[in-house]
Amino acid sequence: MRNEPAFPRMPGRIRGCVLDVVERVSTIRYGVYGLALLRIGYGLILLGLLLLNYGDRRLLWGPESPLSSGPLRESLAKDRTFSLFALSDSGVQFEVLYHAFIVLAALFLVGWRTRWVTPLLAIMVWSWRHRQPWVLDGGDDVMQLVLIYLSFADLSARWSLDAKRAARLSASPDPGTGGLRRRVATVLHNTALLATLIQVCLMYMNTGLLKVQGGAWQEGTALYYALRIEEVQPFPGLSRLIYDNALLVTLGTYAAVFVQLTFPLLMLNSVARRVGLVAVMGMHAGIGLLMGLLSFSLIMMSTDLLFIRGSSIERAAQLVRTVLAQRVRTVLAPVLRMSR
């Protein structure tokens with residue numbers, strides 16, 4: 001029997017385009033620089049939260065928490081979810097889990113065996129968040145969802161211990177390179193990246209749609225009321241400067257709604273993408289500075305880095321390396337002259 005070509009009913013040009021897309025998504029891993037920055041950002045944020053709250057860890061997430069094990073298990077069963085921190089009331093088990101969490105966050109930060117560390121960290125973040133959902137500021141919701149997607153992606157292709165190990169092994173030929181296993185892993189990587197990007201776009205668009213239904217957002221006064229909340233005012237004087245200015249309040253309110261509603265469309269054009277990313281990161285920086293939601297803002301900004309082109313990140317990294325090298329030479333120049 002004669003072998004029929006793939007996509008036999010497609011015109012030649014369309015068939016060629018389809019085959020080209022299939023070849024690309026199965027051989028090229030996209031977003032590796034953005035994923036490396038996200039990995040570093042998430043790792044630093046998690047380590048910061050775990051270490052800054054280290055002294056109060058037993059009260060916040062451990063056996064001394066106001067949310068005791070009984071009501072916690074009932075709540076988890078009702079929500080049909082789980083938490084490793086609810087498996088036992090043992091203080092020893094909690095200490096083991098908490099310190100294992102710190103180790104996983106550190107390994108994730110430096111990019112060591114991320115293929116295995118990432119899903120374990122996703123489970124730990126999920127358990128940590130569901131042990132005490134009222135302690136953190138909402139960024140943990142985004143992180144736990146993103147880590148599930150990115151458990152199937154290659155987060156350590158750049159700036160990691162895994163990348164250094166791969167570079168050392170690259171001298172010896174790998175018969176599996178380019179084979180079916182690598183192609184499947186590449187497709188999973190690109191699919192996970194795309195799913196994450198779509199999820200972020202949906203989050204922004206959904207948030208914008210919810211905002212436009214509120215009267216304060218329609219009237220342009222929502223920012224005024226948000227900045228007047230005393231419990232989330234790390235810098236009351238700075239907040240007052242903004243909410244006392246009607247123009248800034250109106251512009252800030254409408255700008256937040258506009259950027260969130262149009263975020264998916266802004267990401268489709270290179271120029272609009274730059275404007276949109278600057279605007280949305282400025283919004284998160286303002287939330288962190290004016291409302292004290294620092295971890296939420298940093299998590300969102302780390303996730304938004306996925307939308308920056310790898311070539312742009314690479315150029316910025318090269319510029320940083322050049323500047324640092326010049327500074328080091330400037331500092332060491334007097335020492336070198338004295339040693340001669």
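We number each residue from 1, following the sequence as shown.
Contact of the Leu35 side chain with the Arg158 side chain is not registered, since no non-hydrogen atoms from C-beta on lie closer than 4.5 Å. The shortest distance between side-chain heavy atoms of Gln260 and Lys211 falls below 4.5 Å. Leu97 has its side chain within reach of Phe85: a pair of non-hydrogen atoms, C-beta onward, lies under 4.5 Å apart. Proximity of Met203 to Val142: side-chain heavy atoms (C-beta onward) are separated by under 4.5 Å at one or more points. Between Asp140 and Pro133, every side-chain heavy-atom pair lies at or beyond the 4.5 Å cut-off. Using a 4.5 Å heavy-atom threshold, the side chains of Phe258 and Phe263 count as separate. Side-chain atoms of Phe108 and Leu155, non-hydrogen and from C-beta on, do get closer than 4.5 Å to each other.
Crowding of Arg309 atom CZ: a count of heavy atoms from other residues, nucleotides or ligands under 6.0 Å not exceeding 12. Crowding of Phe82 atom CZ: a count of heavy atoms from other residues, nucleotides or ligands under 6.0 Å exceeding 12. A 6.0 Å sphere centred on CZ of Arg73 holds more than 12 heavy atoms belonging to other residues, nucleotides or ligands. More than 12 heavy atoms of other residues, nucleotides or ligands lie within 6.0 Å of CZ in Arg165, so this atom counts as buried by the packing criterion.
Residue Ala86 comes nearest to Leu72 through the heavy atom pair CB-CD2, 3.5 Å, listed as atom of the first residue, atom of the second, then distance. Of all non-hydrogen atoms in Ala256 and Trp217, the two that sit nearest each other are CB-CZ3, 4.3 Å. Closest approach of Leu268 to Pro264, counting heavy atoms only: CG-O, 3.5 Å. Heavy atoms only, all atoms of each residue included: Ala122 and Ile148 are closest at CB-N, 4.4 Å. The heavy-atom pair separating Thr303 from Leu38 by the smallest distance is CA-CD1, 3.8 Å. Considering all non-hydrogen atoms of both residues, Asp154 and His189 come closest at N-ND1, 2.8 Å.
Between the side chains of Arg315 and Gln318, not a single donor N or O lies within less than 3.5 Å of an accepting N or O. Between the side chains of Tyr204 and Thr262, no donor-acceptor pair is found at a separation under 3.5 Å. Checked by atom type, the side-chain pair Trp126/Thr81 shows a donor-acceptor distance below 3.5 Å. Counting only N and O atoms by type, the side chains of Arg131 and Ser83 include no donor and acceptor under 3.5 Å apart.
With hydrogens and angles disregarded, no donor-acceptor distance shorter than 3.5 Å links the side chain of Asp162 to the backbone of Ser156. For the pair Asn245 (side chain) and Leu248 (backbone), a donor-acceptor distance under 3.5 Å is present. With hydrogens and angles ignored, the 3.5 Å screen pairs a side-chain donor or acceptor of Ser127 with a backbone N or O of Leu84. Remark: side-chain polar atoms of Gln93 are not paired, donor with acceptor, to backbone N or O of Asp89 under 3.5 angstrom. Although no hydrogens or angles enter the test, the distance criterion places a donor-acceptor pair under 3.5 Å between the side chain of Arg39 and the main chain of Trp159. Of the possible donor and acceptor atoms, one in the side chain of Gln218 sits under 3.5 Å from a partner among the backbone N and O of Val212. Without hydrogens or angle criteria, Ser75 side chain to Pro71 main chain gives no donor-acceptor distance under 3.5 Å. Within the 3.5 Å criterion, the main-chain N or O of Leu277 finds no donor-acceptor partner in the side chain of Asp304. Without hydrogens or angle criteria, Asn53 side chain to Leu60 main chain gives no donor-acceptor distance under 3.5 Å. One N or O on the side chain of Tyr98 and one on the backbone of Leu50 form a donor-acceptor pair closer than 3.5 Å.
Criterion: ILVMFWY side-chain heavy atoms under 4.5 Å apart, direct or through other members. Under it, Val110 and Ile45 are part of a common hydrophobic cluster. Hydrophobic clustering places Val232 together with Leu227 (ILVMFWY residues linked when any side-chain heavy atoms are closer than 4.5 Å, directly or through intermediates). Hydrophobic clustering (side-chain heavy atoms under 4.5 Å, transitive across Ile, Leu, Val, Met, Phe, Trp, Tyr) groups Val135 together with Ile102. Both Leu109 and Val103 are members of a single hydrophobic cluster when ILVMFWY side chains are connected at heavy-atom separations under 4.5 Å.
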Would you please test Arg129 and Asp141 for side chain to side chain contact (heavy atoms under 4.5 Å, CB included) and show each step? CA-CA 8 Å; Arg129 191 263 174 204; Asp141 290 336; 2.6 Å; yes
Could you go through the ring-ring contact (aromatic ring centres under 6.0 Å, His included) check for His284 and Phe296 one step at a time? CA-CA 8 Å; His284 288 307; Phe296 168 78; 5.7 Å; yes
Using side chain to side chain contact (heavy atoms under 4.5 Å, CB included), reason through Arg273 and Leu266 one step at a time and then give a plain yes or no. CA-CA 5 Å; Arg273 186 189 305 120; Leu266 294 174; over 6 Å; no
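Of the inter-residue distances, the one linking Arg113 atom CZ with Ser160 atom OG reads 11.0 Å to the nearest 0.5 angstrom. One finds the CG atom of Leu289 at 11.5 Å from the CG atom of Leu293 (value rounded to the nearest 0.5 Å). Atom CG of Leu46 sits about 7.0 Å away from atom CD1 of Ile299, to the nearest 0.5 Å. The CG atom of Asp137 sits 7.5 Å away from atom OG of Ser297, with the distance rounded to the nearest 0.5 Å. Rounding to the nearest 0.5 Å places OG1 of Thr250 at 9.0 Å from CG of Leu223. Atoms CZ and CZ, on Phe94 and Phe101 in that order, are 11.0 Å from each other to the nearest 0.5 Å.
For the side chain to side chain donor-acceptor pair (under 3.5 Å) with Thr186, the qualifying choice from Arg181, Arg29, Arg24 is Arg29, the only one to do so.
Here Glu95 pairs with Arg57 in a salt bridge; the nearest charged N to carboxylate O distance falls below 4.0 Å. A salt bridge between Arg183 and Glu23 is present, with a side-chain N of the basic residue lying under 4.0 Å from a carboxylate O of the acidic one.
Aromatic ring orientation, Trp128 versus Trp61: tilted (interplanar angle from 30° to 60°).
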